[in-house]
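Presented below is the structure to which this report refers.
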Amino acid sequence: MAMSNSLKPLISKWAVGVVPYYSSTCNNNNNTRRRRRRRLRVSVAQMATTQSPTPLSSTKIIDSHLHVWASPQEAAEKYPYFPGQEPSLPGHLDFLLQCMGKAGVDGALIVQPINHKFDHSLVTSVLEGYPSKFVGCCLANPAEDGSGIRQLEHLVLKDGYRAVRFNPYLWPSGQKMTNEIGKAMFSKAGELGVPVGFMCMKGLSLHLSEVEKLCTEFPSTVVLLDHLAFCKPPITDEEKLAFSELLKLSRFPQIYVKFSALFRVSRRPYPYEDLSQVLSQVVSRFGANHVMWGSDFPFVVSECGYTEAKEAVSLIAHEVPLSSTEMEWVMGKTIMQLFQGQWLS
């Protein structure tokens, strides 16, 4: 597949609330969580001192999926929340930097949060302040007047965003991502050399035909499937079909899969061991160089913790097992190859 130059190259005083637009999967009390984390930290340490097939190497660790939004003070002074989308948990920059530093994560792709909707000024300020640490993924505006296409060009060419997210639930009622505006934005993303991330929150089956049609018509546009395309370890026939369709998407060389927000797709508490076979099959079909880890900060913090979100991948991969080379791809090399020229210093 030919790639464009763009692709080559504190905790506050808030009470941590419920994830605002997804359901939580972790119902253990705090004491149980702390005991489990202590035991699993020991497991990670043991893996690091034995001949584990999946140790983390010196390759940079890059988080392919997280969010950042204004603190209440920042929102009041400069970066207002979109009405009705006020966050219920902290996700400001200082908190993110603290979590990344503690976890040893070197960089990240920041996905524009719904809390600020199409106002990208807060994320843009973060990108400008930390150009070697963060890459921006903007949010597509599917307005019927086509203004979202011009906004996409501005965000990419003027503000330096290098990816765009398609949220199908922002399309006008009754419209699909394959409508005239959706096709125009998807095509434009390919022209600009920026990948399109799909958020199939209500299930891949609902949006499979749209993804397939766009990929078929515009093969030069790279695609990122957020959160395993929201495919859980399959149990029911419907889930088995959805997961099978996810694997079949590997026929499109432009598609990459985010092994991200594990707490959203696992049926078990941290460290989400039921995802081992899911990861094994996804890596087998797509290749490790098309799979990338992501945390879904800040939502993950109240679920298992940011550091634990990174450690979980090693524990899951140890069960597969993945080789150390495959782990390097998943934990950083894949996204670094996709956004060449980033995270070098």
Let me confirm one number: the [atom1]-[atom2] distance from [X] to [Y], rounded to the nearest 0.5 Å.
{"X": "Asp237", "Y": "Ser244", "atom1": "CG", "atom2": "OG", "result": "12.0 Å"}
{"X": "Leu275", "Y": "Cys231", "atom1": "CG", "atom2": "SG", "result": "11.5 Å"}
{"X": "Leu122", "Y": "Lys78", "atom1": "CG", "atom2": "NZ", "result": "9.5 Å"}

Where do Arg165 and Gln112 land on the side-chain contact (heavy atoms from CB on, under 4.5 Å) test, with the steps shown first?
CA-CA 8 Å; Arg165 186 182 218 190; Gln112 169 73 6; over 6 Å; no
Determine, using the 4.5 Å side-chain heavy-atom cutoff (strictly less than), whether [X] and [Y] are members of one ILVMFWY cluster.
{"X": "Phe230", "Y": "Tyr169", "result": "yes"}
{"X": "Trp329", "Y": "Val313", "result": "no"}
{"X": "Val291", "Y": "Val111", "result": "no"}
{"X": "Leu208", "Y": "Phe218", "result": "yes"}

Looking at [X] and [Y], would you say the former's side chain and the latter's main chain have a donor-acceptor pair under 3.5 Å?
{"X": "His116", "Y": "Ile114", "result": "no"}
{"X": "Lys310", "Y": "Ala103", "result": "yes"}
{"X": "Glu239", "Y": "Ile235", "result": "yes"}
{"X": "Arg267", "Y": "Lys232", "result": "no"}
{"X": "Ser187", "Y": "Ala184", "result": "no"}
{"X": "Asp106", "Y": "Ile61", "result": "yes"}
{"X": "Gln254", "Y": "Val223", "result": "no"}
{"X": "Tyr161", "Y": "His120", "result": "yes"}
{"X": "Ser276", "Y": "Ile316", "result": "no"}
{"X": "Gln342", "Y": "Pro131", "result": "yes"}

Report the C-alpha separation of Glu153 and Lys188 in whole Å, then their side-chain angles, then the decisive distance to 0.1 Å, and conclude whether the salt bridge (Lys or Arg N to Asp or Glu O under 4.0 Å) test is met.
CA-CA 8 Å; Glu153 285 190 287; Lys188 178 60 66 175; 3.4 Å; yes
Aromatic ring centroids of Trp171 and Phe166 under 6.0 Å?
yes
Of the options Gln175, Lys176, Glu180, which is the one that meets Thr178 in a side chain to side chain contact (heavy atoms under 4.5 Å, CB included)?
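Going through Gln175, Lys176, Glu180 one by one, the side chain to side chain contact (heavy atoms under 4.5 Å, CB included) with Thr178 is satisfied by Lys176 alone.
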Contact check, side chains of Leu228 and Phe259, non-hydrogen atoms, under 4.5 Å
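When only atoms from C-beta onward are counted, Phe259 and Leu228 do touch, with a gap below 4.5 Å.
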What heavy-atom pair brings [X] and [Y] nearest, and what distance separates the two atoms?
{"X": "Glu303", "Y": "Phe299", "answer": "CG-O, 3.4 Å"}
{"X": "Val194", "Y": "Thr221", "answer": "O-CG2, 4.5 Å"}
{"X": "Leu109", "Y": "Gly136", "answer": "CD1-C, 4.0 Å"}

Please list, one pair per line, the donor and acceptor atoms closer than 3.5 Å that link side chains of residues 277-289 to other protein atoms, with sequence neighbours excluded.
none

Verdict with reasoning, Thr334 to His290, per side-chain contact (heavy atoms from CB on, under 4.5 Å)
CA-CA 6 Å; Thr334 296; His290 274 61; 5.5 Å; no
Measure the acute angle between the ring planes of Phe95 and His92, then classify it against the limits of 30° and 60° as parallel, tilted or perpendicular.
tilted
Glu217 atom CD: more than 12 heavy-atom contacts under 6.0 Å:
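Buried by this count: over 12 neighbours within 6.0 Å.
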Side chains of Asp296 and Ser260: donor-acceptor distance under 3.5 Å anywhere?
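Absent: no donor and acceptor within the cut-off.
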